[in-house]
Amino acid sequence: QVQLVESGGGLVQAGGSLRLSCAASGRTFSSAAVAWFRQAPGKERDFVAAITRSDIPRSDRTTGYADSVKGRFTISRDNDKNTVYLQMNSLKPEDTAVYYCVATWPGGTWPLRGSYNYDYWGQGTQVTVSS
């Protein structure tokens, strides 16, 4: 059975950094499309970042980001650890939310932005950015 386990959330001051981790079990992450979504209290779930499967030619591997996080967030993966990361720099109070790791097997060759594309969800990890 597929399971996604997230870690790395916490409290940070505005302008600081956090790195979220998403470890997969049950399947090899290299063949999956993976993304991060976030949801603030009383708000809709928003797309953050996505990455294509890694078992394809290097030139076909791409990432995609929401406009609100471009230049500040970076999604990446470590196949040896079966883990996907979200590096978050220059954090702002409006980044405060529960962050979810999502995945689908098999992945495609482009980053998917719609939540309906993903079959598996992590439990979520809280990120709080103070002013």
Side-chain angles (χ1 to χ4, degrees):
Q1 185 177 24
V2 174
Q3 185 177 19
L4 305 178
V5 180
E6 298 154 312
S7 61
L11 175 65
V12 66
Q13 194 173 46
S17 299
L18 285 173
R19 188 178 73 165
L20 306 183
S21 299
C22 176
S25 62
R27 292 197 190 188
T28 300
F29 236 175
S30 61
S31 61
V34 184
W36 291 90
F37 286 78
R38 66 186 182 186
Q39 187 170 24
K43 303 293 184 180
E44 295 296 318
R45 181 176 53 215
D46 292 324
F47 168 79
V48 177
I51 190 168
T52 57
R53 59 192 299 170
S54 61
D55 57 349
I56 56 177
R58 184 189 305 173
S59 60
D60 292 332
R61 304 170 201 166
T62 60
T63 57
Y65 299 92
D67 289 340
S68 59
V69 305
K70 284 183 179 178
R72 300 189 298 120
F73 291 11
T74 302
I75 187 171
S76 63
R77 63 201 312 158
D78 185 334
N79 291 330
D80 291 337
K81 297 181 178 179
N82 219 36
T83 300
V84 170
Y85 303 97
L86 183 67
Q87 178 66 46
M88 305 184 294
N89 299 325
S90 302
L91 283 163
K92 306 174 181 179
E94 50 263 45
D95 294 319
T96 296
V98 176
Y99 284 71
Y100 297 93
C101 173
V102 301
T104 188
W105 282 265
T109 56
W110 60 91
L112 303 174
R113 295 174 177 265
S115 61
Y116 52 84
N117 291 295
Y118 299 96
D119 302 305
Y120 301 95
W121 290 71
Q123 80 286 352
T125 185
Q126 177 70 47
V127 172
T128 302
V129 184
S130 62
S131 60

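Using a 4.5 Å cut-off on side-chain heavy atoms (C-beta onward), Ser115 and Arg45 make contact. The side-chain heavy atoms of Val34 and Val102, taken from C-beta on, include no pair separated by under 4.5 Å.
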Note to self: Assess the residue pair Lys70 and Asp67 against the criterion (salt bridge (Lys or Arg N to Asp or Glu O under 4.0 Å)); give the C-alpha distance rounded to whole Å, side-chain angles, the decisive distance to 0.1 Å, and a yes or no.
What the structure shows: CA-CA 5 Å; Lys70 284 183 179 178; Asp67 289 340; 3.3 Å; yes
Note to self: Could you go through Phe47 and Phe37, starting from their C-alpha distance and side-chain angles, then the distance that decides it, and tell me whether this counts as ring pair (Phe, Tyr, Trp, His ring centres under 6.0 Å)?
What the structure shows: CA-CA 5 Å; Phe47 168 79; Phe37 286 78; 5.7 Å; yes
Next item on the list: Determine, stepwise, if the pair Asp119 / Thr104 fulfils side-chain hydrogen bond (donor to acceptor under 3.5 Å, both in side chains).
Entry: CA-CA 5 Å; Asp119 302 305; Thr104 188; 2.8 Å; yes
Next item on the list: Applying side chain to side chain contact (heavy atoms under 4.5 Å, CB included), run through Lys92 and Val129 and close with a yes or a no.
Entry: CA-CA 6 Å; Lys92 306 174 181 179; Val129 184; 5.5 Å; no
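One hydrophobic cluster holds both Val2 and Trp36 under the rule that ILVMFWY side chains link at heavy-atom gaps under 4.5 Å. Two different hydrophobic clusters hold Tyr100 and Val48 under the rule that ILVMFWY side chains link at heavy-atom gaps under 4.5 Å.
Without hydrogens or angle criteria, Ser59 side chain to Pro57 main chain gives no donor-acceptor distance under 3.5 Å. Between the Asn82 side chain and the Ala24 main chain, a donor and an acceptor come within less than 3.5 Å of each other. A distance-only check finds a donor-acceptor pair linking the side chain of Tyr65 to the backbone of Ile75 [under 3.5 Å]. Formation of a donor-acceptor pair under 3.5 Å by the Arg61 side chain with backbone atoms of Ile56 is found in this model. Without hydrogens or angle criteria, Arg58 side chain to Ser54 main chain gives no donor-acceptor distance under 3.5 Å. No donor-acceptor pair under 3.5 Å is formed between the side chain of Tyr120 and the backbone N or O of Trp105. Not a single donor-acceptor pair under 3.5 Å links the side chain of Arg38 to the backbone N or O of Val98. Checked by atom type and distance alone, the side chain of Glu6 pairs as donor or acceptor with a backbone atom of Gly124 at under 3.5 Å. One N or O on the side chain of Arg77 and one on the backbone of Thr52 form a donor-acceptor pair closer than 3.5 Å.
The 12-atom threshold is not exceeded at CD of Gln13, counting heavy atoms of other residues, nucleotides or ligands nearer than 6.0 Å. Annotation: Trp121, atom CH2; neighbour count of heavy atoms from other residues, nucleotides and ligands within 6.0 Å is above 12.
Under the 3.5 Å distance criterion, with hydrogens and angles disregarded, no donor-acceptor pair is assigned to the side chains of Tyr85 and Arg19.
Here the OG1-CG distance, from Thr125 to Leu18, works out to 9.0 Å after rounding to the nearest 0.5 Å. Within the model, atoms CD of Gln126 and OG1 of Thr96 stand 7.5 Å from one another, a figure rounded to the nearest 0.5 Å. Here the CH2-CD1 distance, from Trp110 to Ile51, works out to 16.0 Å after rounding to the nearest 0.5 Å. The CG atom of Asp95 sits 7.0 Å away from atom OG of Ser68, with the distance rounded to the nearest 0.5 Å. Of the inter-residue distances, the one linking Leu86 atom CG with Leu20 atom CG reads 5.0 Å to the nearest 0.5 angstrom. One distance of note links OG of Ser17 with CG of Asn89; it measures 3.5 Å at 0.5 Å rounding.
Across every non-hydrogen atom of Asp55 and Ser30, the tightest pair is OD1-O, 3.1 Å. The two residues Gly9 and Val127 come nearest to each other via the heavy atoms CA-CG2, 4.2 Å. Shortest non-hydrogen contact noted between Thr28 and Ser31 is O-OG, 3.2 Å. Heavy atoms only, all atoms of each residue included: Ser131 and Ala14 are closest at CA-CB, 4.4 Å. Contact record, Cys101 with Phe29: SG-CZ, 4.5 Å, taken as the closest heavy-atom pair.
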